[in-house]
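Beneath this line is the structure, given in structure tokens, with notes to follow.
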Amino acid sequence: MVEHSITVDNIEKSLQGRDILKGVSFSVRQGEVFGFLGPNGAGKTTTIRILLGLYSPDAGRASIMGADVTTDQARQRVGFVLDDDGLYDGASAKENLAYFARIYQQPVDDERITQVLRLVDLEGRADSKAGTFSRGMRQRLALARALVHDPDVLILDEPTSGIDPSAQIEIRELMVDIAHDRNKAVMLSSHNMDEVQKICARIAVLDRGEVVLSGSLAELRETMGSGMVTVRTSEPIPADLYEEIKSTAEFGLQDSSENLLHFSPSSAGTTPDIVAALARRGARIEEVTRNEASLEEMYTSIVREGQPA
Amino acid sequence: MSGLRAIIGANLRNILQSGALVMVFAGIAVICAAVVAVIAGSFIFSPAVEDGDTTATELGNYLGLISYATTVIITGASFTVLFTVPLLREKTRGTLESLLATPVSVRQVWTARSVALFVPGAVIGGVLGLGMMLFLMTAYLSDVDVVVNGYLVVATFVVVPLIYLALSALMHLVGLLGRVTSGNVIAVIFLPGFSSVMLRLAGRAGVDVESWPFLTINIACGLVLFMLIMIFRHKLTKERIVLSCHS
Ligand SMILES: Nc1ncnc2c1ncn2[C@@H]1O[C@H](COP(=O)(O)OP(=O)(O)O)[C@@H](O)[C@H]1O
Ligand SMILES: [Mg+2]
């Protein structure tokens, strides 16, 4: 049996009479970076608050490492960075970490603290006050704080928002390292498909309180159609072959010019069939190119569809 | 338990980190207490000692009431000064929300904050109340008999601190669930209300300060605060606190 690190099962939540989450389900596995994607106001932060026991769900269940999210047991095994980093400006990097270590009932040993500071590359700033840090450094310190009790699961609410691109890259690399090298489950929320595509293998897309899409990125590309396929032949194909190809709906022939054929097949699995059909009738194929539909486009269309006209 | 201690420690540090604030407050409190002590010494105790017709018990009662008033006013004033800024900061900067996402309970956070507000004020108030008494006794009453009233001493150094601990808890209950300023309003109303009522009772209304009545009224006041806390404490949930942080 695959034990998921985070399981969210049909969570509903309304706040002040508004339905914010309408039956959200997804799961996150150990050792993966999971992208929790959605436009602003989709309900990402609300879901994360439920996972951290800050809100109680109206219906549904959620668990972390098998423990219900309403229990301290679950909270002991999860590290987090919320959208406000929640660092004490007046305290040093080290003091911020020591405080959380104490709260998690960890022995406050310097070695452990130095170790997590080294991981986020802030070793040299251990005694500087958090208030003097740049936003990127603060995010890294918050990440270190989230790791201080060696949790199995990390939940990060838009960890790269509002920081400069090079700092974003550092944070992304850290998240991947933490998931892969330390075999932790990392769930990050984001409104940026591009970012999620860079580091996540699996995602869930949330839109107005509903998961509208979830699964592995590879699978999603498959089911969403594979974008354009272009076939180049050494000479223009005969008219009868052209008609035959055109009449096969699943090939999705869009247009052609000279020796180029542009297809928009109904699924990625269709491409070999197109090639086979052409080859069988003697067409000399020089090149087949596939422009994968970028998930960015897919996401943008989902988000745009969601918007009132 | 070590979690609770960590939060109390952090909250205390947080309040003391408004270091300037605490020092300024303590400084002003000392100056005010000193002025009151000199005035009371010169205009009440010196004449009374010279006249010679004030009894040792009466002198003790005056002494006790002055020290009582000092403790009540200074501790109360510390609440109005030290409550709002640190709590508001924690609610708006997300430090409180992050804390609540750890395995601490709302009760622990509430307790820790209440204790952390209470301690500096109670220490400064208690020390100055006691200091006032000792100063007046050595400076003005060293040559006469004074019977210090045990009931007043208990009221000042046991019951008043308990009242303020309850008040701090009530202020935090309100401040955590709703607006921080609403919590502060409690202190702002309580301090002048409580001190003027008590002193009027002990003075003109003549409630007996030498035996149990005055002490009992103080205890009753503490119980009222305690009951209010008991009635409303079940409202305290992480969800309500987080929602109030973002509204
Ligand atoms: N306290 C609240 N009362 C009512 N609505 C709220 C409250 N907090 C958030 N919302 C609404 O819930 C929706 C989801 O918010 P949120 O979870 O913060 O979204 P995200 O993090 O995806 O941007 C938004 O439309 C927001 O306006
Ligand atoms: Mg959000």
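Note on naming: letters A, B, ... go to the chains in the order of the sequence lines (proteins, then strands), and numbering restarts at 1 for each one. Everything numeric in this text was worked out from a predicted model, so none of it was measured. The figures here come from the full heavy-atom set of this structure, side chains too, leaving out hydrogens, waters and symmetry mates.
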* What part of A:Phe80 lies closer than 4.5 angstrom to a heavy atom of chain B: side chain, backbone, both or neither? -> side chain
Can you confirm whether more than 12 heavy atoms, excluding those of [X], are under 6.0 Å from its [atom1] atom?
{"X": "A:Asp177", "atom1": "CG", "result": "yes"}
{"X": "B:Phe226", "atom1": "CZ", "result": "no"}
{"X": "A:Arg135", "atom1": "CZ", "result": "yes"}
{"X": "A:Gln76", "atom1": "CD", "result": "yes"}
{"X": "A:Lys22", "atom1": "NZ", "result": "yes"}

* Interface residue of largest heavy-atom contact number with chain B, from A:Leu15, A:Asp84, A:Leu54, under 4.5 Å -> A:Leu54
* Evaluate the criterion salt bridge (Lys or Arg N to Asp or Glu O under 4.0 Å) for residue pair A:Asp89 and B:Arg89; output intermediate values, then yes/no. => CA-CA 11 Å; A:Asp89 289 350; B:Arg89 201 193 288 147; over 6 Å; no
* **Between CZ on residue B:Arg93 and CG on residue A:Leu87, distance to nearest 0.5 Å** =>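 It comes to 11.5 Å.
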* Residue, of B:Leu96, B:Thr102, B:Ile241, that accumulates the most heavy atom pairs under 4.5 Å with chain A ->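 Ranked by contacts with chain A, first place is B:Thr102.
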* Hey, are the side chains of A:Tyr99 and B:Leu99 touching, using non-hydrogen atoms and a 4.5 Å cut-off? -> yes
* Asked: Can you find a heavy atom in the side chain of A:Arg49 that is under 4.5 Å from one in the side chain of B:Glu97?
  -> yes
* Structure fact -> Contacts of A:His149 meeting ring pair (Phe, Tyr, Trp, His ring centres under 6.0 Å) (sequence neighbours excluded), chain-then-number -> A:Tyr104
* To do: Grab the two heavy atoms, one from B:Ser98 and one from A:Arg145, that are nearest each other, plus how far apart they are.
  =>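 Scanning both residues, the minimum pair turns out to be OG-NH2, 3.4 Å.
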* By number, which residues in residues 188-198 of chain B have some heavy atom less than 4.5 Å away from chain A? ->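 Listed by number: none.
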